[in-house]
Amino acid sequence: MKPVIVVHGGAGRIFKDREEGARSGVTTAALKGYSILKQGGSALDAVEEAVTSMEDDPHFNAGCGSVLNEKGEVEMDAIIMDGKNLASGAVSAVKCIANPIKLARLVMEKTEHMLLTDHGAKLFAKAMGVPEIPGEKLITERSRERWSKNLEPDSNPQEFKKDPGTVGAVAIDNEGNVACATSTGGLTNKLVGRVGDSACIGSGGYADNHVGATSTTGHGESMMKVVLARLILYHMEQGTPQGKPACHQHRC
Ligand code: GLY
């Protein structure tokens with residue numbers, strides 16, 4: 001089978017001055033993932049590589065460049081899923097690590113669980129030898145600026161919904177296996193401990209060799225209402241015509 005990878009750098013607004021960097025970031029991510037597939041690597045490795053690349057790129061709301069919570073800290077969510085056996089791993093509200101997607105994969109492969117959060121995820125990361133980094137290293141000047149702007153009394157809450165979005169990737173490898181990966185800093189000025197769709201199986205992503213793979217981006221609370229990633233696969237399974245997007249049918 002011919003391998004394919006598709007990546008996204010989020011549904012949020014991309015300001016003119018960041019357009020080129022964001023474009024080049026998604027291109028680099030897709031090429032890195034594709035080079036794994038071309039060498040016969042797995043869809044799982046390809047999506048992890050692509051998302052890692054965007055987590056390391058400050059143009060995106062994931063890893064370095066993540067938006068800040070109400071306390072001005074980075075708290076990140078991520079999920080990875082293997083369409084071959086429906087195995088998945090996720091982390092939520094994690095701080096001080098460079099690549100939450102890699103930690104999500106470790107949850108999938110080294111534990112009997114699917115999701116570790118906050119302090120537990122931190123302990124697990126330590127046990128796995130994942131280096132802790134200063135939280136400041138994940139914070140860009142821009143995310144700090146957006147955070148403080150949103151604290152101003154006359155700020156428009158709709159504005160920060162347009163901040164850069166979650167990143168993700170889906171792939172199919174030459175053996176026909178599919179996988180998805182999604183990673184995010186969530187929503188600007190979110191409450192401490194808020195967990196969005198990106199850590200939740202079926203909302204932030206889903207992969208099933210019998211149907212396909214999805215990675216979502218957008219307003220988490222809206223997508224969680226309809227378990228969007230799995231819902232999309234449901235409609236793919238049912239062969240719902242393209243003219244009737246699942247989202248509309250379910251008031252997303
Ligand atoms: N879709 C990312 C979030 O709402 O956290």
Side-chain angles (χ1 to χ4, degrees), residues 6-14 22 25-26 29 47 50-51 54-55 57-81 88-95 97 99-101 103-104 114-118 121 138-140 142-143 146-147 150 157-170 180-207 213-233 245-247 250-252:
V6 179
V7 310
H8 66 80
R13 178 169 51 178
I14 300 173
V26 284
V47 292
V51 167
M54 289 184 281
E55 285 177 339
D57 184 331
H59 286 96
F60 302 108
N61 176 14
C64 174
S66 287
V67 299
L68 309 186
N69 67 15
E70 60 172 357
K71 297 256 187 262
E73 303 160 332
V74 166
E75 282 187 327
M76 302 166 289
D77 300 338
I79 191 165
I80 191 161
M81 185 163 181
S88 73
V91 290
S92 67
V94 290
K95 298 174 187 158
I97 59 163
N99 298 113
I101 200 65
L103 191 58
M114 286 168 74
L115 168 60
L116 291 179
T117 193
D118 194 8
L138 300 171
I139 300 179
T140 60
R142 184 179 182 85
S143 52
R146 293 290 294 157
W147 170 76
N150 289 328
Q158 294 310 316
E159 272 302 298
F160 57 86
K161 286 197 180 149
K162 296 181 194 154
D163 277 348
T166 301
V167 305
V170 293
C180 71
T182 306
S183 183
T184 190
L187 300 180
T188 306
N189 298 52
K190 64 186 179 182
L191 293 180
V192 171
R194 177 262 188 189
V195 174
D197 59 302
S198 304
C200 299
I201 185 167
S203 288
Y206 204 83
T214 47
S215 164
T216 60
T217 170
H219 183 244
E221 282 72 4
S222 305
M223 295 189 288
M224 288 161 90
K225 281 185 189 168
V226 295
V227 197
L228 186 62
R230 184 63 186 91
L231 180 65
I232 290 167
L233 288 200
C247 224
H250 295 270
R251 305 180 306 281
C252 179

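All ligand and atom numbering here is 1-based and tracks the order in the structure.
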Under 4.0 Å, heavy-atom basis, I'd like to know which part of Glu221 is in contact with ligand 1: side chain, backbone, both or neither.
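Near ligand 1, Glu221 shows nothing, with every heavy atom at 4.0 Å or more.
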
Considering only heavy atoms of [X], which atoms of ligand 1 have at least one such atom less than 4.0 Å away?
| X | value |
| --- | --- |
| Ser198 | 1 (N), 2 (C) |
| Asp197 | 1 (N), 2 (C), 3 (C), 4 (O), 5 (O) |
| Met223 | 1 (N) |

_Does any N or O of ligand 1 fall below 3.5 Å from an N or O anywhere on Leu187, backbone included?_
no

Original post:
Is there a nitrogen or oxygen of Gly218 sitting under 3.5 Å from a nitrogen or oxygen of ligand 1?
Top reply: yes

Backbone N or O of [Y] within a donor-acceptor pair of the [X] side chain at under 3.5 Å?
| X | Y | answer |
| --- | --- | --- |
| Glu55 | Ile101 | yes |
| Thr182 | Gly168 | no |
| Asn61 | Gly185 | yes |
| Lys190 | Gly196 | no |
| Trp147 | Asn69 | yes |

> Thinking salt bridges, do Glu221 and Arg194 make one under a 4.0 Å N-O criterion?
Replying inline: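 Salt bridge: yes.
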
Residue, atom and distance of the protein heavy atom nearest atom 5 (O) of ligand 1 read Arg194 NH1, 2.6 Å

- request: Quick one: look up the protein heavy atom nearest atom 2 (C) of ligand 1 and list residue, atom name and how far away it is.
  value: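 Here the nearest protein heavy atom works out to Thr166 OG1, 3.0 Å.
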
